[in-house]
Amino acid sequence: MNVLIALIFLSVILAALAVAFFVYSVRNEDMDHSLQLSLKPLEDDP
Amino acid sequence: MSLTAQAPPLPVRPSAGAAVCLHCGNAVPRSRGDGYCCAGCLAVHRLLSEAGLDGYYQLRPRHIRPLLDYFERRASLDWLDAHPGAQAGQLNLAVEGIQCAACVWAIDKLARRDGLVRLGVNSALGQLSLRFDPERFDVRGYLETLADFGYRVRPSEDGAGADPSRGLLLRLGVCAAITLNTMSFSLPFYLGLSEAGGDLQAWLRGLSLVLTTVAVGYGGSYFFGRAWRALRHGIAHFDIPVAIGLAAAYAGSLWAFAHGRADAMYLDSVNVFLTFMLLGRFLQERTLLANRRRLLTSDAFSHATVTALDPQPREVPWAKVGAGQRLLLQPGSLCPAEARLDGDRTLEFDLASLTGERQPSAVGAGDTVRAGARLLSRAPARVTTLRGFDASALAALLPQERGHEDLPVLWRWSVKVYVFVVLIAATAGLIGWWPHDPQRAAQVFISVLVVTCPCGLGIAVPLARTLADQRLARSGVTLRQPGVLDRLRAVRQVWLDKTGTLTLADLELADGRQLDALATGERRALMGAAGASRHPVSRALYHELAARGEPYPDDGAAEEIPGEGVRYVDAAGTWFLGRSMHADGRAWAALGRNGLAVATFGLVERVLMDGPQSVQRLRDLGLGVGLLSGDRSSRVDDMARGLGLTPDEARAACSPQDKADRVADRPSLMLGDGLNDAPALGLAVVSGSPAWERSAVADQSDLSFASGSLAWLPELFDTARALHRALWGNLIFAWSYNIVLVGLALSGRFSPLLCALTMPTSSLIVSAATTRALRR
């Protein structure tokens, strides 16, 4: 049972990290330029 | 490139084996043998090849819009000199012309080539943000390059990247994460985990409550604030049942948690509901923002022009009009700034475009003409501005944002009564159950509010409008007035003007030597007559003369006779610029003096593509189609044949009153562009004008279109009908769903598990049905 509770906390921490990355991404305006970012893999190596 | 009226309009979508344009992928007209559908596509294709950006064609979709209006789209970059961002190295720009990922790729590549430090391209909202070193980066050169490639830019109206939907996106992301977690915490209970005792159960319920509290506090505050403001102003707003349902479900779940009543805990449902509501609202905000920016980019003051007379006649943007400037206003034109009327004539102006009330008033020589006043007299007006252009004084001219007006009346009424029906049902359940079981009464009250949360309605409307707007934007249509899509359903007849509507805006003078052959006095008179009208024929002659440095004469008096031409009187006699009697396939204009012909001018018209197919599609939709033109019979008949119209459906030599009478006969959609179309446009159920028409009728029409093809017209009706079907389908579903589940809730048979299943299912059903109905 204790392991399950530890896993719950682990999942909550992972979810919190995901939310933090999402907030960072929105503040960095990544969502505004999503189409531009999706083309990055097509760039030639410098 | 020129498509003449003699050549039958060609399909923009290529048939099997037909040549396709190397740039846009559309069909190549038979009159061109160079592999391009138009000169604009040719120019941009060559530029892309020269810049080594052939990768563009690997990224673009099969078809993009042809660049038929490429040469008319060039906008001035004069604003850049005075823009503080150009010196600071930080610019936020609105950009028009981005169609696909290939455009984003090309804009990005060009920026890298020129050494730009940082570039952001928001293709959804048409926004460009530039960060650069002003010493090392030639921002003007870069923007001119973008213009060469067909992208038009101007300063963003709403500041440094301001995006009101960004806050909603943050709320949505946080609430979506919490929803997924609380759903996973609730799942063990739905799968049989006992509620009784145990650390695991307590942790799962406790964490769910904490996370839900965060979601309601952060995400829900958006709805609570708006509902509170609506209540304070006494408005039955859609946010009120949302806020009530949210608060009741959360408070009830809190009460149930405190009393150990798992049968009344709706924590996962609260989160699902909140997330779907935020998603719907986010879509709505984005649609409004994209629509606003599209309108500003294509139609607002930045591209409105007026004729300045000094030092020689030229078109200047309204924004460049300063105090003390002499302007020439053609009949139907708006005065862009407060000005004094010059000359010795009294002329009639109207402020209807600003006040909404038609109040013609006489303005004497030397009197003041208000900014935004429209010249009603048939004679042109010379004015001297008293102040510079002030956009805030003309705010009423800006297109209105659309609210709920595109929704059918019964739909709007339904949303309003929803609030009261929900509250009455919940209260009835509370009162009905209270004498028997107070705890059950509270549970019924909460479950009614939870189950009637307008999840389906909240997401269906914004999604439907987003998809409808995207469809129309792809077709080059911008709705300028509210309720257009709803009103379109009443339309039974489509009337089309010919010149400037079925043809592109600018005619071209077939042979410039015709002007060079005129005597000095004849050229002056032609300038006096052509400069006094905004008819496409006059504009073509005026532009050619202005390009040759011909000044606008001060000594003559001009008067436009709608549907006929322009009379100009000077010391040499009475001149008349009107239609020519020459009969060939091209447009001809004639200049005469004292009743004798002086010169004729051949003009080349460029006809929109997709004509016959579009007319047939309109017929298939049960609509009548007709052509109303002031032009002579042979040319109108040619155009009608090209469109697949019968002789009865084409009316030549129509006066403005003839057109108005026809339009008044049946509920009509009228497309027109000139002063002679104004009465008919005013009587039409829905009116439209080309986006390039910027003075006479554009700000009064319901929609504007910018496309090299007429295919947008049946697409407009298809979209309106699809939107109507989607909204009604969702309304019927939402009421049926609510009636059944409210019945269950009132009978005390509703449970958190049932709620957890039905709420997301109903939202997904309406989303899928809406997408299916509006998907092209």
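Protein chains get the first letters and strands the later ones, always in sequence-line order, with residue 1 at the start of each.
A cation-pi geometry, defined here as NZ or CZ lying under 6.0 Å from the six-membered ring centre and within 45° of its normal, does not hold between Arg171(B) and Phe282(B).
Only the side chain of Leu59(B) comes within less than 4.5 Å of a heavy atom in chain A; its backbone stays farther off. For Val19(A), the part lying under 4.5 angstrom from a heavy atom of chain B is the side chain only.
With sequence neighbours left out, the salt bridge (charged side-chain N to carboxylate O under 4.0 Å, His left out) criterion links Arg112(B) to Glu43(A), Asp108(B).
For chain A, the option among Val121(B), Ile107(B), Leu169(B), Val104(B) with the highest count of heavy-atom pairs below 4.5 Å is Val121(B). Of the residues considered (Ser129(B), Gly120(B), Ala177(B)), Gly120(B) shows the highest number of contacts with chain A, using heavy-atom pairs under 4.5 Å.
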Less than 3.5 Å apart, which donor and acceptor atoms pair up between the side chains of residues 207-219 of chain B and the rest of the protein, not counting sequence neighbours?
unit_1	atom_1	unit_2	atom_2	d
Ser208(B)	OG	Leu204(B)	O	2.9
Thr212(B)	OG1	Ser208(B)	O	2.6
Thr212(B)	OG1	Asn271(B)	ND2	3.0
Thr213(B)	OG1	Leu209(B)	O	2.6
Thr213(B)	OG1	Tyr250(B)	OH	2.7

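Aromatic ring centres of Trp203(B) and Phe185(B): separated by at least 6.0 Å.
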